[in-house]
Visitor: 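Take a look at this one; I'll ask things after.
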Amino acid sequence: VQLVESGGGLVQPGGSLRLSCAGSGFTFGDYAIGWFRQAPGKEREVVSCINSGDDISYYGHSAKGRFTISSDNATNTVYLQMTNLHLEDTAVYYCAAVQSNWYLVCVANGVDDMDYWGKGTLVTVSA
């Protein structure tokens, strides 16, 4: 099983980035994919999740109104489009997969309940 994130980088405040999470080695449509982030000195927190089977999504408070999650089952890829980025969005962004009770897991910021994790991609928002 592999989850590989890409698309991170340096962006100015107010800018945009699109992150990608490519999955392999498991039946993508049977899992929900979540984006989490961890800033220096802070705990990992949920950003957004999407159920690959029906495209139902969840957004954490930091993402509402600015980020959009989407899934392409044909390529086993989940995207996180981030707009109007703030300095406090600086973090390592991880994608993770969970098979059971995905909505409850994401709402509860269930980091320990995710089944698989990627290694992360760094997003730096700086002027």
Side-chain angles (χ1 to χ4, degrees):
V1 173
Q2 267 197 319
L3 292 168
V4 180
E5 303 94 336
S6 61
L10 175 64
V11 62
Q12 292 185 339
S16 300
L17 278 178
R18 188 176 81 157
L19 305 183
S20 301
C21 171
S24 62
F26 62 101
T27 305
F28 198 74
D30 289 345
Y31 285 76
I33 303 296
W35 282 99
F36 293 74
R37 70 184 186 184
Q38 188 164 18
K42 294 189 176 181
E43 294 187 352
R44 197 168 296 189
E45 63 173 1
V46 63
V47 177
S48 183
C49 300
I50 188 167
N51 187 26
S52 304
D54 55 20
D55 282 347
I56 293 175
S57 59
Y58 166 81
Y59 291 92
H61 68 90
S62 63
K64 288 180 180 177
R66 298 189 300 131
F67 297 176
T68 303
I69 193 169
S70 61
S71 177
D72 183 348
N73 288 354
T75 60
N76 289 358
T77 303
V78 169
Y79 301 98
L80 184 69
Q81 179 68 50
M82 305 188 294
T83 63
N84 189 23
L85 284 161
H86 304 159
L87 296 174
E88 53 267 33
D89 293 318
T90 294
V92 178
Y93 284 71
Y94 300 89
C95 68
V98 61
Q99 190 171 26
S100 300
N101 301 316
W102 74 270
Y103 196 85
L104 294 176
V105 170
C106 288
V107 169
N109 193 36
V111 172
D112 294 336
D113 295 318
M114 303 302 284
D115 296 316
Y116 307 115
W117 286 91
K119 294 183 178 180
T121 185
L122 177 63
V123 172
T124 302
V125 184
S126 175

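Remember, it's a predicted structure, so these values are computed and weren't measured experimentally. Values reported hereafter were calculated over all heavy atoms of this structure, with side chains retained and with hydrogens, waters and symmetry mates removed.
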Visitor: Are Val111 and Val92 co-members of a hydrophobic cluster defined by side-chain heavy atoms under 4.5 Å apart?
Guide: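 Same cluster.
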Visitor: When rounded to the nearest 0.5 angstrom, what distance separates OH in Tyr94 from CE in Met114?
Guide: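 Going from OH on Tyr94 over to CE on Met114, the span is 14.0 Å.
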Visitor: Can you name the nearest heavy-atom pair linking Ser48 to Leu80, along with the distance?
Guide: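 Closest approach of Ser48 to Leu80, heavy atoms only: CB-CD1, 4.2 Å.
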Visitor: Could you state the interatomic distance from CG (Leu17) to CD (Gln81), rounded to the nearest 0.5 Å?
Guide: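 Here the rounded value is 8.5 Å.
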Visitor: Considering non-hydrogen atoms only, spot the tightest contact between Ser52 and Tyr31 and give its length.
Guide: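 Heavy-atom minimum between the residues: OG-O, 3.0 Å.
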Visitor: Does Thr83 reach the main-chain N or O of Arg66 with its side chain, forming a donor-acceptor pair under 3.5 Å?
Guide: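 Confirmed, Thr83 side chain pairs with Arg66 backbone.
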Visitor: Please check if Val78 and Val1 belong to a single hydrophobic cluster, counting links between Ile, Leu, Val, Met, Phe, Trp and Tyr side chain heavy atoms closer than 4.5 Å.
Guide: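 Val78 clusters together with Val1.
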Visitor: Search all heavy atoms of Val125 against all heavy atoms of Leu87 and return the closest pair with its distance.
Guide: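 Smallest heavy-atom distance, with atoms named: O-CD2, 3.3 Å.
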Visitor: State which residues pass salt bridge (Lys or Arg N to Asp or Glu O under 4.0 Å) with Arg18; sequence neighbours excluded, sorted by chain then number.
Guide: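 Not a single residue meets the salt bridge (Lys or Arg N to Asp or Glu O under 4.0 Å) criterion with Arg18.
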Visitor: Are any non-hydrogen side-chain atoms of Phe36 and Asn109 less than 4.5 angstrom apart?
Guide: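 In short, these two side chains touch, coming nearer than 4.5 Å.
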Visitor: Apply side chain to side chain contact (heavy atoms under 4.5 Å, CB included) to the pair Arg37 and Val123, showing each step before the final yes or no.
Guide: CA-CA 9 Å; Arg37 70 184 186 184; Val123 172; over 6 Å; no
Visitor: side-chain hydrogen bond (donor to acceptor under 3.5 Å, both in side chains): which pairs involve residues 111-127, sequence neighbours left out?
Guide: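 Applying side-chain hydrogen bond (donor to acceptor under 3.5 Å, both in side chains) to every pair that reaches into residues 111-127, excluding sequence neighbours, yields nothing.
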Visitor: Going from SG on Cys95 to CD1 on Ile50, what distance comes out if it is rounded to the nearest 0.5 angstrom?
Guide: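 The SG atom of Cys95 sits 13.0 Å away from the CD1 atom of Ile50.
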Visitor: Report yes if some heavy atom in the side chain of Tyr103 is under 4.5 Å from a heavy atom in the side chain of Asn51; otherwise report no.
Guide: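 Side chain of Tyr103 against side chain of Asn51, heavy atoms only: no contact under 4.5 Å found.
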Visitor: So which heavy atom on Tyr79 is nearest to which on Asp72, and how close?
Guide: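 Scanning both residues, the minimum pair turns out to be CE1-CB, 4.1 Å.
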Visitor: Please find the pair of heavy atoms, one from Gly23 and one from Leu3, that lie closest to each other, and give the distance.
Guide: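 Nearest pair, atom of Gly23 first, then Leu3: CA-CD2, 3.9 Å.
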Visitor: Treat each ILVMFWY residue as a node, draw an edge where side-chain heavy atoms are under 4.5 Å apart, and state whether Val98 and Ile56 are in one component.
Guide: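 Yes, same cluster.
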Visitor: Above 12 or not: heavy atoms from other molecules or residues under 6.0 Å from CD of Glu88?
Guide: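 Buried by this count: over 12 neighbours within 6.0 Å.
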Visitor: Do Asn76 side-chain atoms and Ser24 backbone N/O form a donor-acceptor pair below 3.5 Å?
Guide: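 Flag not set: sc Asn76 to bb Ser24 has no pair under 3.5 Å.
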Visitor: So how far is it from Tyr93 OH to Ser6 OG, rounded to the nearest 0.5 Å?
Guide: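 Spacing of OH (Tyr93) from OG (Ser6) equals 15.0 Å.
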Visitor: What pair of heavy atoms forms the shortest contact from Asp89 to Asn84, and how long is it?
Guide: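 It is OD2-O, 4.4 Å.
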Visitor: If hydrophobic clusters are built from ILVMFWY residues whose side chains come within less than 4.5 Å, do Trp35 and Leu104 share one?
Guide: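 The answer is no; the residues belong to distinct hydrophobic clusters.
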Visitor: Taking side chain as C-beta onward, heavy atoms only, is Glu5 less than 4.5 Å from Leu19?
Guide: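 No, too far: nothing below the 4.5 Å cut-off.
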Visitor: State the CH2-CD1 distance between Trp102 and Ile33, to the nearest 0.5 angstrom.
Guide: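 Result: 11.0 Å between the selected atoms.
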Visitor: Determine whether Val47 and Val11 fall in the same hydrophobic cluster, where Ile, Leu, Val, Met, Phe, Trp and Tyr are linked whenever their side-chain heavy atoms lie under 4.5 Å apart.
Guide: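 Val47 clusters together with Val11.
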Visitor: State which residues pass ring-ring contact (aromatic ring centres under 6.0 Å, His included) with Phe67; sequence neighbours excluded, sorted by chain then number.
Guide: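 Applying ring-ring contact (aromatic ring centres under 6.0 Å, His included) to Phe67 gives none.
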